[in-house]
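Everything numeric here is computed off the predicted structure, so don't read it as measured data. All residue numbers refer to positions in the sequence shown, counting from 1.
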Amino acid sequence: TKALQKSQEATKAAQAALGQAQATAPMAVQPKLDMAAEALGRAQDALGMGMPGEAGMAQGMAAQQLQQALEALMNAQGM
């Protein structure tokens with residue numbers, strides 16, 4: 001369906017952006033970025049199998065990990 005295809009495209013875009021962040025982020029946030037990458041990979045797999053519910057849960061987990069990475073980055077920078 002179109003919704004599934006859009007979700008796959010959005011997940012791929014998120015994976016690409018996350019890859020760029022991983023290349024430049026300090027070591028303090030790398031573990032959270034790694035977990036987010038794993039969750040996005042699970043989401044992409046679930047979408048490929050036509051399991052949007054599973055994909056949504058994995059995307060939610062990735063969002064949580066990214067939020068925690070952002071918080072760690074802000075703390076490291078003294079913001």
Side-chain angles (χ1 to χ4, degrees):
T1 67
K2 283 189 176 188
L4 185 64
Q5 184 178 2
K6 282 189 176 193
S7 188
Q8 285 176 319
E9 290 170 4
T11 300
K12 286 180 185 177
Q15 287 174 312
L18 182 56
Q20 291 177 345
Q22 287 176 302
T24 60
M27 290 303 295
V29 299
Q30 289 294 336
K32 294 295 180 187
L33 294 177
D34 290 344
M35 286 193 240
E38 288 175 20
L40 285 174
R42 287 193 304 274
Q44 191 65 25
D45 290 344
L47 288 169
M49 292 185 280
M51 300 167 51
E54 293 289 326
M57 290 190 322
Q59 289 166 337
M61 179 62 72
Q64 285 180 329
Q65 296 301 326
L66 290 171
Q67 179 63 40
Q68 290 175 10
L70 178 60
E71 290 170 5
L73 181 59
M74 289 171 56
N75 288 336
Q77 292 178 343
M79 297 179 123

- Item | Crowding at CE, M35 (>12 non-hydrogen neighbours, <6.0 Å) | yes

- Task: Identify the heavy atoms of A46 and A55 that sit nearest to each other, and give their distance.
- Result: CB-N, 3.6 Å

- Message: Under the rule for side-chain contact (heavy atoms from CB on, under 4.5 Å), what residues qualify as partners of T1, not counting sequence neighbours?
- Response: A3, L4

- Can you tell me how far CE of M27 sits from CD of Q30, rounded to the nearest 0.5 angstrom? 5.5 Å

- Test side-chain contact (heavy atoms from CB on, under 4.5 Å) applied to L18 - qualifying residues, sequence neighbours left out: Q22, L33, A36, A37, L40, L66

- Query: How about Q67 and E71: does a side-chain donor come under 3.5 Å of a side-chain acceptor?
  - Reply: yes

- Determine, stepwise, if the pair K32 / L73 fulfils side-chain contact (heavy atoms from CB on, under 4.5 Å). CA-CA 10 Å; K32 294 295 180 187; L73 181 59; over 6 Å; no

- Item | Inter- and intrachain pairs under side-chain hydrogen bond (donor to acceptor under 3.5 Å, both in side chains), touching residues 36-50, at least two apart | none

